[in-house]
Trainee: 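Can you read through this structure? Questions will come right after.
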Amino acid sequence: MIGTGAAMLSDSAPVLQPLAPASGVFAYLWVLLALPLFGAAVLLLGGRRTNRWGPYLGCLTVITAAAYAIALLVSMMALPADERAIGQSLYSWVAVGSFQAEFALQLDQLSMVFVLLITIVGSLIHVYSLGYMEHDVDRRKFFGYLNLFIAAMLLLVLADNYLLLYVGWEGVGLASYLLIGFWQFKPSAAAAAKKAFVMNRIGDVGLSLAIMLIFVTFGTVAFDSVFAQAGQASETTLTWIGLLLLLAACGKSAQFPLQAWLLDAMEGPTPVSALIHAATMVTAGVYLIVRSGAIFDGTAVALTVVAIVGVITMFLGAIIGSAKDDIKKALAGSTMSQIGYMIIAAGLGPIGYVFAIFHLLTHGVFKANLFLGAGSVIHGMDGQQDMRRYGALRTAMVVTWLTFMCGYLAIIGIPPFSGFFSKDDIIHAAFEKNWIIGVCGVLAAGITGFYMTRMIIMTFFGKARWEDDVHPHESKPVMTIPLIILGIGSLFTGAALVYWGDIVGWLEPVTGLQEEPLAIPTIALEGITLTVVLIGVAIAIAKYRSTVPVEPPPGNLLTVAARNSLYDDAINDALVVQPTYALSRGFVTVDDRVIDGTVEGSASLVGGVSRRLRLVQTGFARSYALLMVAGAILVAVVLVVVRLS
Amino acid sequence: MNPESYVVLACVLFTLGAIGVLVRRNAIVVFMSIELMLNAANLAFVAFARMNGNLEGQVIAFFVMVVAAAEVVVGLAIIVTIYRSRRSASIDEPNLLKY
């Protein structure tokens, strides 16, 4: 492994870094959140008055935040390694008896890299959106939502306790819902937004239960106190917390079994897919697990489940990505698969935390690049998303093609580009822990090579299969310049983080690091992985080199299944939706028959009896007198009989 | 004279009164029958007071007389009012207050 090859075989647990008070450039940490929040407020509350200049304000706030984030990074690098965790308490947020939650921010090495990813990639995508959404009547609202998302995501990674993290977590969910359904006049987009929201809710229930369990166990929700006490809790408790956190991560990061929403989320505008559903929000689950590393360290069971979920999703995503003809859905499958890698790395424990974050960063850059490239293609093809209608676009869209190739080389992991470093590190770490996971990682890398090559060939090579009235054209500079920057980033982020940024040494104080000797030499493992990837590439070339039919061929059983997203909707429908419907119908029947029956039955009984009894009231005084006499005689007879007996 | 004879007389009077209430239609006659029943009860009270040798039955007889006098005032007023509006003292005709 190149990244850590020079380092000694060493184990280090995460040291609990004391939070230094925010001073100097860090004193304005809250501004980082306030900037995009201000932008969102102005754009969403300002109404039509801000239509003309609103989008530019939206870009400006995020770019300013990015510049400030870079200033923070420079200052943080100047600090000694064990003093890099900065805390800033803004005010006491919830104070009820023993339950205390501060509105407090925490900027450590882990938050820092996230802040950089969110603000820098976010800035590029904002600028790109200026071009992509140019003709949309609601683009002010679009930029308002994007700013809201950036603010919520920053809150998520800067929070210093679980409750505040939960606010950010819900905030990004809301922004995601609003942006998936941005074109809500399309029924499919409205349905996709609702689906994403509902499935995320399942994960959110997991997170809220985890937070409650954490509070019950540790008496606090602040990160530093919880992690300091994590060793004292029983393993069962830690396992439950870990599994609930995993459920939360599954919802947000579209991991098995809550993965079905991500493909539909592609109904949103492409910049949204790039920012939220590829680069940042969907990786929040990985952040949550790595951040809670101290909890997962105490529970081998939860870690194993995490790794298994990662392996399953990695293959699911890769298989789906190999068969989809919609370019965005193919990329979404790829995103699921790559996040699967990260979850696997997180599930390896301290061996893998660092590499999960490393892959998250490189993936954030190259997947944003790929999605924006796909957006540029879709833009040039008048909204056509079917790759079978593409072909030969490399001549028509040179810049898009070249930048897409950068992302391509990065994701399949050709040395010395980004994916090579980060993915091989994960595979290496997997072999250190468990060779089965390692082999799975290598196989999935091969499938990655296959589906990405397929996408490249179908889109940019071969014969043109355009529809008659489509005239593809290169996008404007406002879209291509972010693409070029991200393309360069895709190629070199990995190398830069390893050789210049020392990502492992940077994150080690937060995540800890553990290395174990490996039977086979690193270089051999890299060779094997690369060979498998190239085999995948070769299969794709062999299969798609000749003509690609416009109508999808029938395909074998696996292809058909993958085209249908492995029937995830059908399975969810059969396992959850229909039983829920049946249960509801049962409840309705019980309500109608038993409860309403009892109430209405007793009412009609009383009513019926009264209807008959009231006939006694004839209105004739003498009949009443007769009744009285009869009653008196009856009482007298009874008295006499009782007395006599 | 044997006090039990008064009790028997009271029973006969009471039965006559009850039958009168049940079979007569004229409100005045019904009213008189009720008076007969009340006085039968009075007679029984007094007879029992005599038989038991205390005064409680006689005191209650006075109470019954007072209540009967009050009842006559109200009852006759109602009967007169009904007669004025309907030109009839039949007790069966005012039967609107029913189911």
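Side chains included, hydrogens not; waters and symmetry mates left out as well; all remaining heavy atoms used. Note that the coordinates shown come from a computational prediction; the quantities given were computed from them, not determined experimentally. All chains are named by letter (A, B, ...) in the order of the sequence lines, taking the proteins before the strands, and each is independently numbered beginning at 1.
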Trainee: Return yes when atom CZ of Phe587(A) has more than 12 non-hydrogen atoms of other residues, nucleotides or ligands closer than 6.0 Å, and no otherwise.
Mentor: no

Trainee: Hey, is OH on Tyr624(A) packed in by over 12 heavy atoms from elsewhere, all under 6.0 Å?
Mentor: yes

Trainee: Only heavy atoms, only distances under 4.5 angstrom. Which residues in residues 17-52 of chain B are near chain A?
Mentor: Val21(B), Leu22(B), Val23(B), Arg24(B), Arg25(B)

Trainee: Any chance CZ of Phe215(A) has more than 12 other-residue heavy atoms, nucleotides or ligands included, within less than 6.0 Å?
Mentor: yes

Trainee: Counting only heavy atoms not in Glu56(B), do more than 12 fall under 6.0 Å of its CD?
Mentor: no

Trainee: Is the OH atom of Tyr177(A) crowded by more than 12 outside heavy atoms at less than 6.0 Å?
Mentor: no

Trainee: Please rank Met628(A), Gln617(A), Arg622(A) by heavy-atom pairs under 4.5 Å with chain B and give me the top one.
Mentor: Arg622(A)

Trainee: Given the options Asp92(B), Ile91(B), Leu97(B), which has more heavy-atom pairs under 4.5 Å with chain A than any of the others?
Mentor: Asp92(B)

Trainee: More than 12 non-hydrogen atoms from neighbouring residues, nucleotides or ligands closer than 6.0 Å to CH2 on Trp93(A), yes or no?
Mentor: yes

Trainee: Please check if atom CZ in Phe99(A) has more than 12 non-hydrogen atoms from other residues, nucleotides or ligands closer than 6.0 Å.
Mentor: yes

